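Owing to the predicted nature of the structure, the values given are computational and were not obtained by experimental measurement.
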Amino acid sequence: MVKMKTDRTDVLTGLDRYEVFLEKLQREIENVGEDRIVIIYTDIKHFKYINDTYGYKVGDSLLKDFVDDFMKNKAVILCAARVYSDNFVTAGRIAPDGPGNEEFRDLIHQLNRDRETKFREKYLNSRLQFCTGISVTDKNSRSLDAETAVSNANLARKVAKEMDSDCCVLFDQSMMEGIKREVEITSGIPKALAQREFQVYFQPKIDTETLSLIGAEALIRWQKPDGAFVYPDEFIPLIERSGQVVDVDYYVYREVFSFLARRLREGERVVPISVNVSRVHLNRMHILEYVKSLLEEFQVPCSLVEFELTESIYLENTERALDLIKGLHKMGFKVSMDDFGSGYSSLNLLSKLPIDIIKLDRVFLKEGEMQENDRIIISCVVDMAKRLQITSLCEGVETREQSNYLKEVGCQMQQGFYFSRPIPQAVFEKLLEEKGEPEGVLN
């Protein structure tokens, strides 16, 4: 008998195994009556960071503390399980005169905030956050099976995890439409690559002193045969999650190398082009082999291609990022840190990583008139970069005032809508043929 009980419970937490939880939940759904059953699916954001930084014993301790904390309310909990790792699901019952669905969501949201405050003090991790999705089942959805009910809560949890402020989300049917759209996009990627529906756009980089065009960032755009665009904010997060971003990145790299090689053959002017590197590459590290093959095929000087890694990539896996930087440097490429200043440990990273260029995040340039504090921060960062012999570039430049101030403090390069939005290759080539200062021409 003891063995059977052990087989039906999670060894670490003592909660039900997931399959046992589903059995119990199914019975509750079938006998729901006038009550409502709420399914609460929670995970711990940045849990991998805790394991990697403090060790698995600390991570296990956090999981146990989390379980102990929510099981204090076991009088209202019907069943609970650890789905896997730091993913937990609980089910509870709400009486007809109990809180409404939105009110209940607010209660869970506040519980999460209280837990975060308590656990951050204990585990010395300011990034600790609980992400929760909630689905509700009542007598009108009695035909809903337990697995679908949990899936709905999990879907709401995924939505919550992508949000910066509100990490507790109540499931609604519109989320299913979002899932259909995601499937449509991700399933269409291979065909879009094969039929060259993806286009590389270029956003110019400007020399601060001369206001001349000295480089560009390659950005991906997806235009379907009917002329409709699928915007990057929609498809890039999806292809990153599915791993397809590797194929899309490689597509961009090949297009950029081919573009530069053609311009060089024709004796036309070229400028360095930067390309983005997804975090997915750090898990596979095939990128170095692929870039080497492009070098051999197109014979483009390494000085004409730069690789951009976002600050968050460095934070998530510093050692892997360092290996990638060393590999790219060995081949002769420059590497930049994109979105510098958007994370938690920007200054610490600069002391560890051999970066050639930092791209100051657009958060440094607030909308409207620049405030004195903003000016001081930008000035200090630019000066620090100079002392470290790192080139500085500021993104998101939208006004003459911002551009002039960056010149005052010695920021070497600028990029933003004040000069140009991302533009098609044909338009960018015309800019390369322009002589003189591009200010007023790029727009």
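- With salt bridges taken as basic N to acidic carboxylate O contacts below 4.0 Å, none links Arg36 and Glu103.
- Partners of Phe198 under the ring pair (Phe, Tyr, Trp, His ring centres under 6.0 Å) rule, at least two apart in sequence or in another chain, are Trp222, Phe235.
- With rounding to the nearest 0.5 angstrom, the CZ atom of Phe298 is 10.0 Å from the CG atom of Leu260.
- For the residue pair Gln110 and Asp106, no side-chain donor N or O sits within less than 3.5 Å of a side-chain acceptor on the partner.
- Interatomic distance, CD1 of Ile44 versus CG of Asn112, reported as 10.0 Å (0.5 Å rounding).
- Looking at Lys386 and Ser392, their side chains never come closer than 4.5 Å, going by heavy atoms from C-beta outward.
- No side-chain heavy atom of Ile39 sits under 4.5 Å from any side-chain heavy atom of Asn152.
- Between Leu111 and Leu107 there is no side-chain heavy-atom pair separated by less than 4.5 Å.
- Counting heavy atoms from C-beta on, the side chains of Leu25 and Leu78 never come closer than 4.5 Å.
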After noting the C-alpha distance and the side-chain angles of Tyr231 and Ile236, does the key distance pass the side chain to side chain contact (heavy atoms under 4.5 Å, CB included) rule? CA-CA 8 Å; Tyr231 292 99; Ile236 287 180; over 6 Å; no
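- Between the side chain of Arg105 and the backbone N or O of Cys168 there is at least one donor-acceptor pair closer than 3.5 Å.
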Verify side chain to side chain donor-acceptor pair (under 3.5 Å) between Ser403 and Gln414, making sure each step is shown before the conclusion. CA-CA 7 Å; Ser403 179; Gln414 303 180 30; 2.9 Å; yes
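- At least one donor-acceptor pair closer than 3.5 Å links the side chain of Gln402 to the backbone N or O of Thr399.
- We find the OG-NZ distance between Ser303 and Lys334 to be 8.0 Å, quoted to the nearest 0.5 Å.
- Rounding to the nearest 0.5 Å places NE2 of His109 at 13.5 Å from CG of Leu170.
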Could you give me the CA-CA distance, side-chain angles and deciding distance for Val20 and Thr9, then say whether side chain to side chain contact (heavy atoms under 4.5 Å, CB included) is met? CA-CA 8 Å; Val20 177; Thr9 58; over 6 Å; no
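- Counting heavy atoms from C-beta outward, Leu15 and Cys79 have side chains that stay 4.5 Å or more apart.
- Using bins of under 30°, 30° to 60° and over 60° for the plane-to-plane angle, the ring pair Phe428/Phe202 lands in the parallel bin.
- Annotation: the span from Thr42 atom OG1 to Asn154 atom CG amounts to 10.5 Å, rounded to 0.5 Å.
- The aromatic rings of Tyr290 and Tyr253 sit tilted, their planes meeting at an angle between 30° and 60°.
- With Asp356 contributing its side chain and Val335 its backbone, the two residues share a donor-acceptor pair below 3.5 Å.
- The backbone N or O of Leu393 lies less than 3.5 Å from no partner atom in the side chain of Gln412, so there is not a single donor-acceptor pair.
- Each ring-ring contact (aromatic ring centres under 6.0 Å, His included) pair with one or both residues in residues 78-104, not counting sequence neighbours, appears once here: Phe66-Phe88.
- The two residues Leu155 and Met175 have their closest heavy-atom pair at CD2-CB, 3.7 Å.
- When every heavy atom of Ser379 is checked against every heavy atom of Val409, the shortest pair comes out as CB-CG1, 3.8 Å.
- Applying the salt bridge (Lys or Arg N to Asp or Glu O under 4.0 Å) criterion to Glu116, with sequence neighbours excluded, gives Arg113, Arg120.
- Both tests hold for Arg421 against Phe417: distance to the six-membered ring centre under 6.0 Å, angle to the ring axis within 45°.
- With salt bridges taken as basic N to acidic carboxylate O contacts below 4.0 Å, one links Glu23 and Arg8.
- In terms of modelled atom types and a separation under 3.5 Å, the side chain of Arg221 and the main chain of Tyr201 share no donor-acceptor contact.
- In this structure, Arg375 forms a cation-pi arrangement with Tyr405, its terminal cationic atom sitting closer than 6.0 Å to the ring centre and no more than 45° off the ring axis.
- Under the salt bridge (charged side-chain N to carboxylate O under 4.0 Å, His left out) criterion, the residue pairs touching residues 222-233 are Glu184-Lys224, with sequence neighbours excluded.
- Outside the 6.0 Å centre-distance limit, the rings of Phe307 and His329 are not counted as a close aromatic pair.
- Gln244 contributes a side-chain N or O that, together with a main-chain N or O of Thr186, makes up a donor-acceptor pair within less than 3.5 Å.
- Remark: side-chain polar atoms of Lys45 are paired, donor with acceptor, to backbone N or O of Lys161 under 3.5 angstrom.
- Ser274 and Glu217 form no side-chain donor-acceptor contact under 3.5 Å, judged by distance and modelled atom types alone.
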Go through Ser278 and His281 one step at a time and tell me if the side chain to side chain contact (heavy atoms under 4.5 Å, CB included) criterion holds. CA-CA 6 Å; Ser278 166; His281 290 288; 4.0 Å; yes
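- Phe47 contributes atom CZ, which lies 10.0 Å from atom CG of Leu128 (distance to the nearest 0.5 angstrom).
- Every residue two or more places apart in sequence or in another chain that forms a salt bridge (Lys or Arg N to Asp or Glu O under 4.0 Å) with Lys72 is listed here: Asp69.
- A salt bridge does not link Glu306 with Lys359: none of the charged nitrogens is closer than 4.0 Å to a carboxylate oxygen.
- Among residues two or more places apart in sequence or in another chain, the salt bridge (Lys or Arg N to Asp or Glu O under 4.0 Å) test is passed with Asp65 by Lys122.
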Dump the intermediate steps for side chain to side chain contact (heavy atoms under 4.5 Å, CB included) on Ile273 and Leu304, then the final yes or no. CA-CA 6 Å; Ile273 307 295; Leu304 291 177; over 6 Å; no
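- When atom types are taken as modelled, the side chain of Ser135 and the backbone of Ala149 share a donor-acceptor pair closer than 3.5 angstrom.
- Across all non-hydrogen atoms, the minimal contact from Ser420 to Gln203 is O-NE2, 3.0 Å.
- With hydrogens and angles ignored, the 3.5 Å screen pairs no side-chain donor or acceptor of Ser258 with any backbone N or O of Arg254.
- At a threshold of 4.5 Å between non-hydrogen side-chain atoms, the residues Val280 and Ile239 do not count as touching.
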